[in-house]
Every structure is written in structure tokens, then in C-alpha cells.
Amino acid sequence: QVQLVESGGGLVQAGGSLRLSCAASGRTFTTYAMGWFRQALGEEREFVAAVSWSDGRTWYADSVKGRFTISRDNAKNTLYLQMNSLKPEDTAIYYCADKTFVYGSTFLESVEAEYDAWGQGTQVTVSS
């Protein structure tokens, strides 16, 4: 199984930037795609962004388009989320997730159940 460790969270003022990282280890050769989800206090987990590991195709939630950029470094087995123009409503615990190869099926990038491994999360707090 793939093990994931997030880092880079913290406290930032509105309009500021943070870059989250997710280091993957273990069976990383099985990765098909990776994604970021977030969960605010008292709310359900929601999709943020995802990226295909092979060709770099990306998907974004409407709420973060134009502000967040997802990327990956295949050689370092690391996933990133560059967050700019942060807003208080971005405050949440951010989780990275790994999707292993499943041949002959369609990848639903925004669905939690599609992913097979999860990190422990990193807190992002945006002050107003």
C-alpha cells in the first residue's frame, strides 16, 4: 500500500499563499492519480483538486479555480498544492489521496471512494 504524509499547512492571512506537499512512499509505482480534499470543522470532506500521475491532466473544484494549482513531481513521488489568494473559507484540514490503477474503468476524480490511500491531513487556517 502507498503511505502518504502531508506538510506545509499553517496560519496565513487572507490574500496570502501556502504550498502544501504530500510525500508518497511504498507501492508508488501503482499510482494512477492523486488528489487533494479538505474538511472544515463540522463539515463533510470535499474535493479540491486532482492530477493524473502519467500525463499531468488536472481537475479542480469550482471554488478554487484560478487560485490553486495542483502539480506532481514523479521523480520525487511528491504531490503539491499551491494555494494563492487564500480566503477564510479555505480554512480546513487538507488531505492528500492516492488512486491505484484500475484498468477498464472511468476515474471519478472528485469522489472520495475512488481513492485507496489517505494521508493524516494538515491544518490550513486563513485569518481575515
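Start at 1 with the first residue, then count along the sequence.
Closest approach of Leu79 and Cys96 over heavy atoms only: CD2-CB, 4.0 Å. Contact between Asp73 and Tyr80 at its shortest, heavy atoms only, is CB-CE1, 4.0 Å. The two residues Ala14 and Pro88 come nearest to each other via the heavy atoms CB-CD, 4.2 Å. Nearest heavy atom pair, residue Cys22 against residue Leu4, reads SG-CB, 3.9 Å. Scanning both residues, Lys99 and Glu114, for their nearest heavy atoms gives CD-O, 2.7 Å. Between Arg72 and Ser54, the shortest heavy-atom contact is NH2-O, 3.3 Å.
Trp59 and Tyr95 fall within a single hydrophobic cluster, where Ile, Leu, Val, Met, Phe, Trp and Tyr are joined by side-chain heavy atoms under 4.5 Å apart, directly or via other members. The hydrophobic cluster containing Trp53 does not contain Leu108, counting ILVMFWY residues as joined when their side-chain heavy atoms lie under 4.5 angstrom apart, directly or transitively.
Here the straight-line distance linking atom CG of Leu20 with atom CD of Glu6 works out to 8.5 Å at 0.5 Å rounding. Distance check, rounded to the nearest 0.5 Å: OH of Tyr60 to CD of Glu109 gives 12.0 Å. The distance from atom CE of Met83 to atom CG of Leu18, rounded to the nearest 0.5 Å, is 4.5 Å. A distance of 10.5 Å separates CZ in Arg67 from OG in Ser17, rounded to the nearest 0.5 Å. Within the model, atoms CD1 of Ile70 and CG of Leu81 stand 6.5 Å from one another, a figure rounded to the nearest 0.5 Å. From Ile93, atom CD1 reaches atom CD of Gln39 across 6.5 Å, with rounding to the nearest 0.5 Å.
By the 6.0 Å contact criterion, CD on Gln3 is enclosed, its count of non-hydrogen atoms from other residues, nucleotides or ligands being greater than 12. Shown here is Glu44, whose CD atom has no more than 12 heavy atoms of other residues, nucleotides or ligands within 6.0 Å.
Under a 3.5 Å cut-off, the side chain of Arg19 and the backbone N or O of Gln82 do not form any donor-acceptor pair. The main-chain N or O of Lys76 is found under 3.5 Å from a side-chain atom of Thr78 such that the two form a donor-acceptor pair. In terms of modelled atom types and a separation under 3.5 Å, the side chain of Thr91 and the main chain of Thr125 share no donor-acceptor contact.
Checked against the 6.0 Å centroid threshold, Phe37 and Tyr94 do not count as a close aromatic pair. Taking the six-membered ring for Trp and the full ring otherwise, the centers of Phe107 and Tyr115 sit less than 6.0 Å from each other.
Side-chain atoms of Arg45 and Glu112, non-hydrogen and from C-beta on, do get closer than 4.5 Å to each other. Side-chain contact check for Arg27 versus Gln1: every heavy-atom pair is 4.5 Å or farther apart.
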Stepwise side-chain contact (heavy atoms from CB on, under 4.5 Å) test for Trp36 and Phe68 = CA-CA 11 Å; Trp36 289 98; Phe68 291 9; over 6 Å; no
Item to complete: Could you walk me through whether Val2 and Met34 pass the side-chain contact (heavy atoms from CB on, under 4.5 Å) test, one step at a time?
Response: CA-CA 11 Å; Val2 175; Met34 294 188 72; 5.9 Å; no
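Residue Thr31 is tested with Asn74, Asp98, Asp116, Thr100 for a side-chain hydrogen bond (donor to acceptor under 3.5 Å, both in side chains); the sole match is Asp98.
For the pair Asp90 and Lys87, the salt-bridge criterion is not met [side-chain N within less than 4.0 Å of a carboxylate O].
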